Amino acid sequence: MDVLMVRLFDTIDEENMPWLLAADRALREAFGSWLIDLVPSYTTLMLHYDCLCLTHAEALQRIERALEGLEPAGAGLGQRHEIPVWYDPSVGPELVRVAERAGLTIDEIVRRHCDRDYRVFALGFAPGYGFMGLVEEALATPRLNTPRRRVPAGSVAIAERQTAIYPLQSPGGWNILGRTAVPLFEHARRGEPLLLPGDRVRFAAISRDEFERQGGDTTPLESAS
Amino acid sequence: MNHAVSRALRVVQEGPLALVVDGGRFGVRHLGVTQGGAADWISFYWANWLLGNAADAAALEIVIGGGLTLEAEQDATLALAGADLGARLDDSPLAPGATFRIAAGQRLTFSQPRQGLRAYLAVPGGFDVPEVLGSRSATAREQLGGHLGDGSALRNGNRLEWSGQQAPERRLPFDPAKGITLVGRQLALVPGSQIGHFTGVSLYRAFNAPWRIDDRADRMGVRLRGPELHCRLGSMISEGIPLGAVQVPPDGQPIVLLNDRQTIGGYPRLGALTPLSTACLAQCLPGEEVRLVATSSEQALARHRSCLNELHRNG
C-alpha cells in the first residue's frame with residue numbers, strides 16, 4: 001500500500017554496489033521528508049513513503065525521475081575497515097568444520113579468510129549486521145542445521161560464500177570462526193553501525209593476548225550439537 | 001523533565017509481556033534496525049486520543065495480561081484501549097475504552113484475554129522514557145528503547161514515570177467491543193510481485209481456505225496454519241520486508257511479519273497485509289481463524305485514510 005520495491009538487478013554481484021548506492025542517494029533526494037524508510041539490499045531498494053502525502057502514481061513518477069540518467073557512485077565509495085579477529089576454536093568452533101570440509105588446516109582457513117577485502121552488500125538480520133562477501137569458494141560452508149540460540153557479540157562467521165560479524169548477542173546459524181573486540185553496534189557508537197553498505201572490510205588475525213588487550217571477551221563458545 | 005510534577009506507576013507483578021511502545025522507529029531500517037512500535041497501532045492511537053495526547057505518545061502495550069499488576073504512586077487519570085484483558089482497578093472491573101481515575105496506592109491488574117490480545121495503557125503526555133534512534137519503543141531483540149532504553153519489557157519493581165498533568169475525561173466514540181481491530185478477521189492482502197510464482201491451487205487455497213493462528217506468534221511474526229502453499233521460487237535474494245508481508249517458507253505455512261520483523265529476508269511472499277489488517281492480526285489469539293482477502297493498493301489506502309479520518313474528526 002505504501003511500499004514500492006525498486007528492483008535493479010537479478011543476481012548478487014559486487015558490480016551492483018555503485019549503482020545501488022547511487023540509486024539510494026537519488027531516491028532519498030527525490031522523496032525528501034516523504035520518505036519513511038529506504039532499505040537497500042543486494043539487488044533491490046525497498047521504498048516506504050508517506051502515503052498520506054503522495055499518491056501511488058506520484059511515488060512511481062518520483063522513482064522514475066530519480067533513476068533517469070543515474071550514474072554509478074564513484075570508485076572510492078565506502079570506507080575501508082580493518083577488523084582484528086582472534087581466530088580460535090574456543091570462540092570459533094566451526095573453524096574445525098570449515099577446515100575439514102575444505103581439506104585444509106585451520107591456519108590455512110584463517111589465512112584465506114584474511115586474504116581479501118570483503119564488500120558490505122547489505123545490512124539486515126540485526127542492527128548493524130553487515131552481509132559481506134564473497135569468501136573464496138573453498139571456504140564456502142552451509143549454515144548449521146540447527147541455529148545456536150546464542151551467538152556472542154563480535155562473533156565472526158561465514159555462511160556459503162558470505163561472511164559477517166554479529167554486532168549483538170543473538171540467535172544465529174552461521175559458522176563461527178573467531179571473535180573481534182571492535183564494537184559494531186551499541187550505545188557506545190550512539191546507535192550508528194560501524195559498517196555501511198558499500199564499505200570494504202579486511203580481517204586481520206590477532207593473538208589471544210592482543211584480543212584481551214583490546215578488551216575482548218574470551219568466554220568459550222560451545223560447538224553446535 | 002520536571003521531577004516535582006512527575007507521576008509514576010510501579011510494577012508490583014510483571015506479566016508475560018508488557019512493554020513501552022510508540023508509533024515505531026522509522027528512518028533507520030537501512031541500518032538493520034526494525035520498526036517496532038504498537039502492533040495494534042489503531043487501538044494505541046485511540047488510547048492516546050482518550051487523553052488528548054499526541055497520537056504516538058509512548059504508552060504501554062500489554063500482551064495477554066497474565067497477572068500484570070501496576071500500582072499508582074500518585075492520583076492520576078489514565079486511559080485503556082484495545083483488548084479486554086480482564087482489567088481490574090483494585091476489586092472493580094475496568095472495561096477498556098475510556099479514561100479512568102486511579103488513586104495513589106490503587107492497583108491495576110490484568111488477568112486473561114476476554115477479547116483480543118493486546119491492551120494499550122496511556123498516560124497524560126506519554127511516558128517519560130528516553131528516545132533511542134528516534135523512538136521510545138522497546139525492541140528486546142535489538143536491546144533498544146523502552147523504559148530502560150535497553151529494549152527490556154517491564155520487570156518487577158520497575159517504575160514508569162510521566163509528567164503530563166492535564167487530561168480530559170473521554171470515552172471512545174464507538175462500542176469498544178466492536179473496535180475495528182478486535183472484530184476484523186477478514187485480512188486484506190495487497191498481492192506482491194512474487195504472487196505469480198505460486199501454483200494456481202495454492203492461490204485458490206490461500207484466498208478460500210480458513211487460516212488458523214499458530215502458537216508460534218510474537219511481535220516478529222505470526223504463523224498461519226492451513227493448506228500447504230507451493231511457490232515455484234525456492235528462495236530469493238534477500239530484500240526489504242514491509243510490515244504485514246506474508247512470506248511462505250518451504251514448509252508451505254505462511255508467516256505474517258509484524259512490527260519487530262527482520263529488515264530483509266529471502267522467502268517468497270504472497271504480498272503484504274494492509275497496516276489495518278496487520279493490526280487486526282496482532283489482536284488474534286492462537287487458535288483463532290482468519291481469512292485472507294485480496295485487495296488493491298488503492299482500496300487499502302482508502303480504508304486506511306477513513307480510519308485515520310475518524311480519529312482526526314473526533315480529535
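Note on naming: letters A, B, ... go to the chains in the order of the sequence lines (proteins, then strands), and numbering restarts at 1 for each one. None of the values given here were measured: they were computed from a predicted structure.
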What part of T295(B) gets closer than 4.5 Å to chain A, counting heavy atoms only: side chain, backbone, both or neither?
neither

With a 6.0 Å cut-off (strictly less than), is the heavy-atom count around CZ of R232(B), excluding the residue itself, greater than 12?
yes

Just to be sure I understand the criterion: a residue of residues 123-142 of chain A counts if one of its heavy atoms is under 4.5 Å from a heavy atom of chain B. Which ones qualify?
L123(A), G124(A), F125(A), A126(A), P127(A), G128(A), F131(A)

The side-chain hydrogen bond (donor to acceptor under 3.5 Å, both in side chains) partners of S170(A) (sequence neighbours excluded) come to none

If I measure from the heavy atoms of chain A, does A272(B) come under 4.5 Å with its side chain, its backbone, both, or neither?
neither

Can you tell me which of L47(A), L35(A), D24(A), I36(A) forms the most heavy-atom pairs within a distance under 4.5 Å of chain B?
I36(A)

What are the residues of residues 3-19 of chain A, in order of number, with any heavy atom under 4.5 angstrom from a heavy atom of chain B?
V3(A), M5(A), R7(A), D10(A), T11(A), I12(A)

Examine distances only and state if a side-chain atom of D37(A) and a backbone atom of V28(B) form a donor-acceptor pair shorter than 3.5 Å.
yes

Does Q214(A) CD have over 12 foreign heavy atoms under 6.0 Å away?
yes

Give, for atom CG of D2(A) and atom CG of L243(B), the distance between the pair rounded to the nearest 0.5 Å.
8.5 Å

Contacts of H113(A) that satisfy ring pair (Phe, Tyr, Trp, His ring centres under 6.0 Å) - sequence neighbours left out:
Y87(A), Y118(A), F203(A)

To the nearest 0.5 Å, atom OG1 of T55(A) lies from atom CD of E298(B) at 9.5 Å

Neighbour count above 12 (heavy atom, 6.0 Å) for N145(A) CG
no

Provide the closest heavy-atom pair for T263(B) versus V39(A) in the form atom of the first, atom of the second, distance.
O-CG1, 4.2 Å

R202(A) atom CZ, over 12 foreign heavy atoms within 6.0 Å
yes

Counting only heavy atoms not in R80(A), do more than 12 fall under 6.0 Å of its CZ?
yes

Enter the distance from L38(A):CG to R29(B):CZ here, rounded to the nearest 0.5 Å.
11.0 Å

Which pair of heavy atoms, one from S238(B) and one from S41(A), lies closest together, and at what distance?
O-OG, 2.6 Å

Under a 4.5 Å cut-off applied to non-hydrogen side-chain atoms, are M1(A) and R303(B) in contact?
no

CD1 of I237(B) to CZ of F121(A): how many Å apart, nearest 0.5 Å?
10.5 Å

With a 4.5 Å heavy-atom cut-off, do H56(A) and L301(B) have their side chains touching?
no

Straight-line distance of H304(B) NE2 to L52(A) CG, nearest 0.5 Å:
5.5 Å

